[in-house]
Asker: 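Take a look at this one; I'll ask things after.
All values reported here derive from a predicted model rather than from experimental measurement. The analysis underlying the following values was restricted to heavy atoms, covering all of them including side chains, and did not include hydrogens, waters or symmetry mates.
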Amino acid sequence: MSRAAATARDTAGPSGAPAASSRPQAGAAGVPGAASGTAGPPPANTEASPRAARLGAWAELLRLPALFTVPGDALAGAAAAGARPGPRTLLAIGSSLCLYEAGMALNDWADRAEDAAERPHRPLPSGRIRPAAALTAAGVLTGAGLALAAGAGRPALAVAAPLAATVWAYDLALKHTPAGPAAMAAARGLDLLLGAAATGGGTRAALPSAALLGSHTLAVTAVSRRETTGGSVRAPLAALATTAALTGLVARRRNRLPAGRRAAAAPGLSGSNPAPTATEALTAALGAVYAATAARPYFHAALNPSPPLTQRAVGGGIRATVPLQAALAARSGASGAAATSLLVAALAPAGRLFARRSAMRKVSIT
């Protein structure tokens, strides 16, 4: 979503530099038989290229590689709620995907004048997609997202409605204000809570995970505000500090009491800190992947806040969303949390593979 979703708002790389357009997929051209027995070169397929170009333009508008950062929100929310993912979780994921794509389409519609000057290669200013079509898509996708949330139950709809409102408010009014990063962070946090509400029927247990994911999104969005101009050292430094803090919070072990002791027992008692479990080790490993993915490009952007390095920092922050989601899922300790976290982690290489095959390596949240 135009968030962290929207808020990440997220991917293989930023789009401050011209995005690689999707390569048309060449179909097999039939060679008709000739009475003379000779065959010339295959005739050009006049329909394939325009159709592929239109599909490529929509894929670029909707930032399809960034979709792989979305399902982890609902899955991490389900784990934080202490529940196994189920059919309602799938509905929450579908709702999240629709609302995220609504935000992407609305983002470019709202920024079409600015993009005409700064990013003329994008689908709307380049004329490959009409503004009215992008706005219509945003409305249809928002309606579909709310309908899917309603199918997951009233608690899910109660979260999806403010999430949709946050997406539209961000794109139409808040993006270029000081409240923009906070709105993006709120959207990504609400997206996690959507998964918790749909799967477990409540959101209270998932609030800490939503806060951690929202903090990461806040940092990435703050850096993204300078991705076309560069020049900001403070934002990547703040993002670097946020990454370090989140890594520590995610990987921090909780004191485990021996059987039969009260919860108030002193943590220093013998047996209160057993060896790390497999789930705790997995959480620590995923936290390390998160830190490694985000910290290096932030550090480079802090040393040299040029537009290319700032764009790379945004891309790194967006890619780091997936291992953070996986770490949050594992950290919950819920039944099946390890399997859920591994499923989320697998979305990262899947997203990179999709980006390479579709020639869409430049994706941004702005």
Asker: Should Arg119 and Asp108 count as an ion pair when the cut-off is N to O under 4.0 Å?
Answerer: no
Asker: Would you please name every residue forming a side-chain hydrogen bond (donor to acceptor under 3.5 Å, both in side chains) with Thr199, sequence neighbours left out?
Answerer: Thr89
Asker: I'd like to check Leu246 versus Ser215 (side-chain heavy atoms, cut-off strictly below 4.5 Å). Are they in contact?
Answerer: yes
Asker: Hey, could you give me each pair passing ring pair (Phe, Tyr, Trp, His ring centres under 6.0 Å) that has a residue in residues 62-84? Not counting sequence neighbours.
Answerer: Phe68-Phe354
Asker: Listing request: all side chain to side chain donor-acceptor pair (under 3.5 Å) pairs with a residue in residues 132-150, at least two apart in sequence or in separate chains.
Answerer: Thr142-Trp168
Asker: If hydrophobic residues (ILVMFWY) are linked whenever their side-chain heavy atoms come closer than 4.5 Å, directly or via other members, who joins Val289 in its cluster?
Answerer: none
Asker: Can you list everything that forms a side-chain hydrogen bond (donor to acceptor under 3.5 Å, both in side chains) with Arg84? Sequence neighbours excluded, please.
Answerer: Ser335
Asker: Judged by atom type as modelled, is there a donor-acceptor pair below 3.5 Å linking the side chain of Glu227 to the main-chain atoms of Thr310?
Answerer: no
Asker: Apply the hydrophobic cluster definition, ILVMFWY joined by side-chain contacts under 4.5 Å directly or through others, and give me every member besides Leu218.
Answerer: none
Asker: Applying side chain to side chain donor-acceptor pair (under 3.5 Å) as the test, list every pair that has at least one member in residues 231-244; sequence neighbours left out.
Answerer: none
Asker: Would Ser96 and Asp191 count as having a side-chain donor-acceptor pair, cut-off 3.5 Å?
Answerer: yes
Asker: Roughly how far apart are Leu124 CG and Asn107 CG, rounded to 0.5 Å?
Answerer: 10.0 Å
Asker: Exactly one of Arg128, His121, Arg122 should register a side-chain hydrogen bond (donor to acceptor under 3.5 Å, both in side chains) with Glu60. Which one does?
Answerer: Arg128
Asker: If a pair satisfies ring pair (Phe, Tyr, Trp, His ring centres under 6.0 Å) and one of its residues is in residues 283-324, list it, with sequence neighbours excluded.
Answerer: His216-Tyr290
Asker: Scan residues 154-163 for pairs that pass side chain to side chain donor-acceptor pair (under 3.5 Å), counting only residues two or more places apart or in two chains.
Answerer: none
Asker: Which pair of non-hydrogen atoms, one from Ala210 and one from Gly189, has the smallest distance, and what is that distance?
Answerer: CB-O, 3.7 Å
Asker: Sort and list the pairs that fulfil side chain to side chain donor-acceptor pair (under 3.5 Å) and have at least one residue in residues 336-346, not counting sequence neighbours.
Answerer: none
Asker: Only pairs at least two apart or in different chains count here, so list each ring pair (Phe, Tyr, Trp, His ring centres under 6.0 Å) that has a residue in residues 313-337.
Answerer: none
Asker: Quick check for you: to the nearest 0.5 Å, what is the distance between Arg319 atom CZ and Arg352 atom CZ?
Answerer: 8.0 Å
Asker: Clusters formed by hydrophobic residues whose side-chain heavy atoms approach within less than 4.5 Å: which one holds Leu174, and what are its other members?
Answerer: none
Asker: Any salt bridge linking Asp111 with Lys175? Criterion: basic side-chain nitrogen under 4.0 Å from a carboxylate oxygen.
Answerer: yes
Asker: Would Glu101 and Arg63 pass as an ion pair if we require N to O under 4.0 Å?
Answerer: no
